[in-house]
2 protein chains.
Amino acid sequence: MFEPVTIKDIAKALGLSTSTVSRALRDTHEISAATKKIVLAYAKEINYQPNPIALSLKERRSKSIGVVVSEVANSFFSQAINGIESIAYDRGYHVIISQTHESYDREVINVQHLASRSVDGLLVSLSSQTTDISHLTSLHERGLPIVFFDRVADEIDTHKVIANNEKGAFEATDHLIKSGYKRIAHLTSSSYLSISIERLSGYEAALKANGLSVNQNYIKHCLHGGMLYEETENSIKELMALPEKPDAIFVAGDRLSTGCLSVLKNLNMSIPVAGFSNSDVLDLFNPSLTSVRQPAFEIGQLATQMLLQLIEAKYPIEEFEKKILETELCVRS
Amino acid sequence: MFEPVTIKDIAKALGLSTSTVSRALRDTHEISAATKKIVLAYAKEINYQPNPIALSLKERRSKSIGVVVSEVANSFFSQAINGIESIAYDRGYHVIISQTHESYDREVINVQHLASRSVDGLLVSLSSQTTDISHLTSLHERGLPIVFFDRVADEIDTHKVIANNEKGAFEATDHLIKSGYKRIAHLTSSSYLSISIERLSGYEAALKANGLSVNQNYIKHCLHGGMLYEETENSIKELMALPEKPDAIFVAGDRLSTGCLSVLKNLNMSIPVAGFSNSDVLDLFNPSLTSVRQPAFEIGQLATQMLLQLIEAKYPIEEFEKKILETELCVRS
DNA sequence: CTGAAAGCGCTAACAA
DNA sequence: TTGTTAGCGCTTTCAG
C-alpha cells in the first residue's frame, strides 16, 4: 500500500551499488565528490527518507526514549513532557509517552512494551500503586538506562530528578501556620510514593518547627490521588467530622488539590487550602489555592539531559546523582 | 550494553532451528505439541520478548499510530488522547504522540518523522498556522491512512471526526443573547482553522436568528489561540475600547477561554463569558465560564476506530465519512 | 573510489 | 514435523 523509497531504488536508478549510495548519503570521505552530488541530488528529488526501523535493527538502538507518567492530563506531567521533548528533539531523539493511569499492571505492561520496542532509555515517574519495581530493576540490570523523575524509587541506583518536595511542603504548611491556623490537615496520595513521603515529612517538620504536634487523624491518604471524586470527598468528610475540625488543609498533589477545592465547594465548606499544583489557571480559582509550584519543565529537561548522558556514555557510569530543584510558593487568599 | 534474548538464543539452547522456534512461539498447527511445549516453557523461563523492530521491518508495519496535536497540556487534547489510547491499546497498537505547539514547521517535521518511523496511520489535528497541507496530501496519496479530528482539512478525502462546532457555538451565543446581552463579541483563533470557521458560523447564525446583526469589529482573531497572553490581552483591550463596548464575549477555544478570563480579571473588568473548554476545573472558576464542552474522549475513540478500519482494510476504502458529535452547554453564572 | 556480501531478528516459502 | 534459505532496509567489513 504505502511504498517508501529505499536506498535500493536509488542504486538501481543510478546504476550504483547500495553501499555506494549509503556511503554517499552519509557523506563518507571515501566517495568521489561527483558521485556524492548525483546521489544526493537524486535522493532529494525523489524525497528519500531513510528507514529508521532498518536502522534500529542494524544499530540496535532506536534514537527514542520512553516516558512513563501517570496521566498526560495533569499540568505537572504535561509541562514536564514539554521539557523532555524540548531536549530530546534537539538531540535527535523521539519521545514515546505512555500513561499508567496510576495502575501498577499498566505500568508493568507499558514498561515492557517500551523496552521491547527498543527504546534507548526510560524516563519514569512511578504510578501511585507501585511498590514492586522488579519490572524496572530487571531491565536496569540488563543495562537499559533509566532516569527517575518526580516519583522515584530509591532501590534503583541511577540518576533522579525531583523537586524539593520536603521544603515545598514545609513552606506551604508554615505559611498556613503563620497565617494563624493551628489545626492543619494533610491530604495526600498513596503512602508508597516518594513524593508523598517527602511532602509528609515537610508537613510534619513545619508543624514541629512551630511547636505544633502531629495528629495522625489529620493525615488522610487517597490512593487514587484525586482521580476518584468519592475518595477525596470521603477523606474530607472524615476530616470535617472530627471533634476538633481542622482549620486549614495542606494537599500533596495536583489532582488532589483541585479535587479538594471542588469537594469543599460542593459541600459548601470554606477552609483555606494550600497544595502542590502546576495548573496555569489557579489565578481564576475561587476559593483560591495557595500553591506550591514545581519547576516541571526544568525537571523534564534535566531528567532528559541525564538520560541522554547515560545513553550516549562511552563507558558505563557508576556515579549517580539526585538533583533537587526548588519549588515556588504562590500565596493566594 | 543491553542484550535482549532472541529467537536464535532459544534455538541454540534447544538444538532447534530458528524457524521451528518461531513457529512454535506463534503456535502454528504444523508443530508437534511436544516441541511447542518445550519452546514455550523455555521462552517463558528466559523471558523472551519478540523484537518488534525486526517484525516491523519484515511486515512493513509497526503496529503503531502517530498522533499530531498542538499541545498535550490542553484539556481537549489530553482527553482525546485518552480516548485514542483506550482503543489503540485494546487493538494492540502503540500510540506515538507529537506536539506542534501550533507551529506549521513543527507540524511538517513531526508528520515526516512519524511517517519515516513507519507508523501505520496518522491521527491529525492541524496546527493553527497550517494552510498548506501538502506534507499530508503527499503521504495520503502514497497510501498512508490518515484520519482528521477536531481541526480538519477538507481538501483531503478521508474520515473526519469533529464536534458539532457550529451548533455548540450557536447554543452558547444564543444563551448569551437569551440572557439579555445584545452586543456579543467573538474571540477566536486563527481564521484558517476549520473549527474557527465552524464556530464563527454558529455565532453569526445565532445573532441572525435573534435578529441581531454581525459587527465585524466584534470579531477578534488571536493567531496564537490563547498561548500568548499579550495577544489575548490586546484583543480584549481593543474590544473594550470600542465606542459601543460589547456586553458579553463568546470565545472559540480552550486556552483562549481561560486566557480571556485571566485578562478580564487582571484588567478588573467584569463581563459574561461563554466559550469552548474541556477543562475539568471550570466549576472552581470565578468569574465563571459558561462552557461548550466537546466529547473529547469519544472523538479520540471514534477517530481511532476509523483509522484502524482504514489500516486493517483488505481493500482500499473509497467511501469516507465525517462524523459529527454533539457538544454540551454547561451554563454557569 | 566502488562493489559484493554478511548480518541485525524475524517470518515464510520451499525442501526434506 | 522440522530445517534451509532468502529477504525486509540499512551499514560495514572486506575485496577489488
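Any value given below was found using the heavy atoms of this structure, including those in side chains, with hydrogens, waters and symmetry copies removed. Order of the sequence lines sets the chain letters (A, B, ...), proteins ahead of strands, with each chain counted from 1. The shown structure was predicted, so the numbers you read here are calculated from the model rather than taken from an experiment.
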Is the distance between the ring centroids of B:H159 and B:F149 under 6.0 Å? no
Find the distance B:K12:NZ to D:dT2:C1' and express it as a whole number of Å. 19 Å
Which of B:V108, B:V68, B:L144, B:V124 passes side-chain contact (heavy atoms from CB on, under 4.5 Å) with B:L136? Answer is B:V124
For the pair made of NZ in B:K8 and P in D:dG3, what is the distance, rounded to whole Å? 16 Å
Spacing between A:L16 atom CG and D:dC10 atom C1', to the nearest angstrom: 16 Å
Determine, for B:K160 against B:E321, whether the closest basic-nitrogen to carboxylate-oxygen distance falls under 4.0 angstrom. no
Among A:I31, A:T20, A:L40, which residue meets the side-chain contact (heavy atoms from CB on, under 4.5 Å) test with A:L25? A:L40
Closer than 4.0 angstrom, basic N to acidic O: yes or no for A:E102 and A:R151? yes
Would you please indicate if the ring centroids of A:Y104 and A:H135 are separated by under 6.0 Å? yes
Measure CZ/B:R60 against C1'/C:dG9 and give the value in whole Å, please. 16 Å
Report yes if the side chains of A:K323 and A:I162 come closer than 4.5 Å at any heavy-atom pair, otherwise no. no
Hey, is B:E30 close enough to B:K36 for a salt bridge, meaning N to O under 4.0 Å? no
Roughly, in whole Å, what's the span from CG in B:L57 to C1' in D:dA6? 13 Å
In whole angstroms, the gap separating P of D:dG9 from CD1 of A:I10 amounts to 13 Å
Using side chain to side chain contact (heavy atoms under 4.5 Å, CB included), reason through A:L302 and A:I87 one step at a time and then give a plain yes or no. CA-CA 9 Å; A:L302 200 50; A:I87 301 289; over 6 Å; no
Check the distance between C:dT11's C1' and B:D27's CG and give it to me in whole angstrom. 16 Å
Heteroatom pairs (N/O) under 3.5 angstrom, protein to nucleotides 11-14 of chain D:
{"unit_1": "D:dT11", "atom_1": "OP1", "unit_2": "A:R26", "atom_2": "NE", "d": "3.2"}
{"unit_1": "D:dT11", "atom_1": "OP2", "unit_2": "A:S22", "atom_2": "OG", "d": "2.8"}
{"unit_1": "D:dT11", "atom_1": "O2", "unit_2": "A:K58", "atom_2": "NZ", "d": "3.1"}
{"unit_1": "D:dT13", "atom_1": "O4", "unit_2": "A:R23", "atom_2": "NH1", "d": "3.4"}

Below 4.0 angstrom, which residues in residues 32-47 of chain B have at least one non-hydrogen atom near DNA chain D? B:S32, B:T35
Under 4.0 Å: is that the gap between some side-chain N or O of A:R61 and OP1 or OP2 of C:dC8? no
